[in-house]
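A short worksheet on the structure shown next.
Note on naming: letters A, B, ... go to the chains in the order of the sequence lines (proteins, then strands), and numbering restarts at 1 for each one.
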There are 2 protein chains.
Amino acid sequence: MNSRPSASPATLQDVAREAGVSLATASRSLNGSVRKVHDDYRQRVLEAAARLNYSPNLSAQAVAKGASSTVALLVSDIADPYFSSIAAGVIRAAEAKGLIVTMAATARSSVRELELVRALRGQRPQVIILTGSRLEGPPAHDALVAELQAFINTGGRVVLISQRELPFSTVVVDNYLGARALANSLVEQGYRRFAAIGGARALMTSTDRLSGFADGLAEHGIAIHPNHVARAEFTRDGGYTAGQHLLATGITGVQLVFAVNDVMAIGAMSAFRDGGLAVPESIAVAGFDDISTARDVTPALTTVRVPLEELGSRAVELAFSESDSPANDVVTVGTTVVLRESSPAI
Amino acid sequence: MNSRPSASPATLQDVAREAGVSLATASRSLNGSVRKVHDDYRQRVLEAAARLNYSPNLSAQAVAKGASSTVALLVSDIADPYFSSIAAGVIRAAEAKGLIVTMAATARSSVRELELVRALRGQRPQVIILTGSRLEGPPAHDALVAELQAFINTGGRVVLISQRELPFSTVVVDNYLGARALANSLVEQGYRRFAAIGGARALMTSTDRLSGFADGLAEHGIAIHPNHVARAEFTRDGGYTAGQHLLATGITGVQLVFAVNDVMAIGAMSAFRDGGLAVPESIAVAGFDDISTARDVTPALTTVRVPLEELGSRAVELAFSESDSPANDVVTVGTTVVLRESSPAI
DNA sequence: CCGAATTGGGAAAGCGTTATCCGTCTCCTG
DNA sequence: CAGGAGACGGATAACGCTTTCCCAATTCGG
């Protein structure tokens, strides 16, 4: 079925010859140029191109124009639904602008990240978008900033997603406000006594959510007892461990446990169940993120929806709005509280 | 913080000048060339490059060499964990080969898919990888085949993932064998009376899994009553509907319901529960795919693991193994049965 | 020691485009 | 009907890089 395995693709020169016009005319008729070309010529060229199955060489265009039409996206792990949703948003927004997205995965290594930024820079993309937390040692951090700065200095744009720590434009989630809103909704549902599960103290995401939640409760004169706050890894297993910990140290009287993300909440739910506490009958649970699993667990998880795709599309938009004023803008996207069966009204 | 907003990136010419050597020498020292260059010269060039923060222009290299170093990946929807896992595998394998991955999403539209293939062809990628089912009308189908064939004729490679219908190299999942193995395991667990939920008759994936399951049971002299097979959409809601349907038409005596994919199985679980049947006490359930949610639902879902990442990495490998013999190879990847709480031994 | 390989730097010819510049031709104005 | 102004096609010079090809300087065999 595969006929001639190789023969070079038709070039613009071929098309011009086939149409009996000059290279310049062919170029002008195939891409929007400022210059007009007569309809009959243009027709001839278009037909010739179709006949030869011509497809313009993007690399050559990039070289000639001095600007490529790609967006580079760096994520920790594309298989993670958090990042893949962001990627979907980036791709959607980029396609709308006629840009192609190239992706690479850092596997959470800051060394790898640096290498990849370097490599991607070679593509001369319009934008480099970075997302995913770095567990960085400062040296790698500085090198990364330097590399990105070099990219900006030579006309590139850089946008970060969800990390305020670096001196570049950023799209962030309003973790604080989301958690506060959740606290309010839960109080409205009748809950009064809470416990919480957080991540490492250094994780901005975790602390923002925790303090938003605490402040939301404070508005109603409610406080969480320090003993009722557990900290663990930002994973499902971390949530399980934290759940066990709470169980062990005693949470009698606590009506609801708030975990700073859904996977931890789900882990905690397992821990409670394994410890003999029915969810939500004996203890209610709430999370944060609204990953798709949140809807499918039993009971379905009350959480705060983070518009992940929007995070991605906003990043692309931010990059281009910025074109005139290359300041380090921060765009904040809001969240929505989603009440489900894991926290029934009481 | 953003110093000079624009100045063009350093070129190889700049590096050569800075190092006081010719363009040719600079090129030869910065990329592995056949030709050797004296260590002192090479050192000078390397230092100059570092000083200028030089990063080779990949587009220019591609034009000069006549070959780019990218892999193009087309998926239906990157936010879908099925595709994002495949993408992860593709990215991993491509990076290992020093290739950059560019991705686009078809949103399941065959028109869009055709457009994207056309656009991606402009990148002159080494490989185009296509995955995701097409709900095609034949015209779009033919145009797509023509476009891909044109790409191959001009020296490109095409690999499909999980779709035997098109005349190109393909990586497929052994759905039949996986389902058969699942059937055997379930019989071993003590189950004897089964119902099944499938997708549309035209969906190869669904029919392969169904027939594999049936054949596996047949080995033990067990058959599924035709009335105990429901068909619905390949989604969670489809599974719910099918579950309700089974409930309505009566499945007394049935011990386990096999759904051809996990999302349908999860939908069916909800339907059973809503219909008053406890899972797994009154009825056991099994799915196929092992999406990450399968582990998190309650009860955790028995299923057949499909090595999605491997699907992606195999596709890349297939593309390059093929380089000598451009045949339309088919690589089949195996699956693993994963028994969980939704089908306890009885 | 002399001529023949061998080594390795530099000039320059591409690669497939776009963009600048230069004509020619037509059309409008007075 | 002269003369200036648009239109618009065609050469051709970039763009940033790789890769011949050429040639001077070494090394080496006899």
Rounded off to whole Å, could you give me the [atom1]-to-[atom2] distance for the [X] and [N] pair?
X	N	atom1	atom2	answer
B/K65	D/dC17	NZ	C1'	9 Å
B/D40	C/dG8	CG	C1'	11 Å
B/R121	C/dG16	CZ	C1'	15 Å
B/L12	C/dC15	CG	C1'	16 Å
B/R35	C/dA11	CZ	C1'	12 Å
A/R17	C/dG16	CZ	P	11 Å
A/Q13	C/dT18	CD	C1'	13 Å
A/H38	D/dA7	NE2	C1'	8 Å

Query raised in the report: Want to settle it: does B/V21 or A/S55 sit nearer the 5' end of DNA chain C, counting the closest nucleotide to each?
Result: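 With B/V21 and A/S55 compared, the 5'-side residue is B/V21.
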Requested in this report: For B/V63 and for B/K36, find the nucleotide of DNA chain C with the closest heavy atom, then tell me which residue's nucleotide is more 5'.
Outcome: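 That would be B/K36.
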Phosphate OP1/OP2 of [N]: any [X] side-chain N/O under 4.0 Å:
X	N	result
B/N31	D/dT18	yes
A/Q61	C/dT18	yes
B/Y41	C/dT7	no
A/S22	D/dG9	no

When you measure from the side chain of [X] to the backbone N and O of [Y], does any donor-acceptor pair fall under 3.5 Å?
X	Y	result
A/R44	A/A19	yes
A/S85	A/P81	yes
A/T170	A/I161	no
B/T106	B/R108	yes

Report summary line: Among the nucleotides C/dT18, D/dT19, C/dG16, whichever has the atom closest to the side chain of B/S27 is D/dT19
Report task. Tell me which nucleotide among D/dA11, C/dT18, D/dG16 gets nearest to the side chain of A/L23. Result ->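 Minimum distance to the A/L23 side chain belongs to C/dT18.
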Query - Steps toward side chain to side chain contact (heavy atoms under 4.5 Å, CB included) verdict (B/V316, B/V127) - result: CA-CA 8 Å; B/V316 175; B/V127 203; 5.9 Å; no
Query raised in the report: Quick one: does B/R28 reach the base of C/dG8 with a side-chain donor-acceptor pair under 3.5 Å?
Result: no
Report task. Remember a base hit wins even if backbone is also touched, and classify B/V37 as base, sugar-phosphate or nothing at under 4.0 Å, heavy atoms. Result -> sugar-phosphate
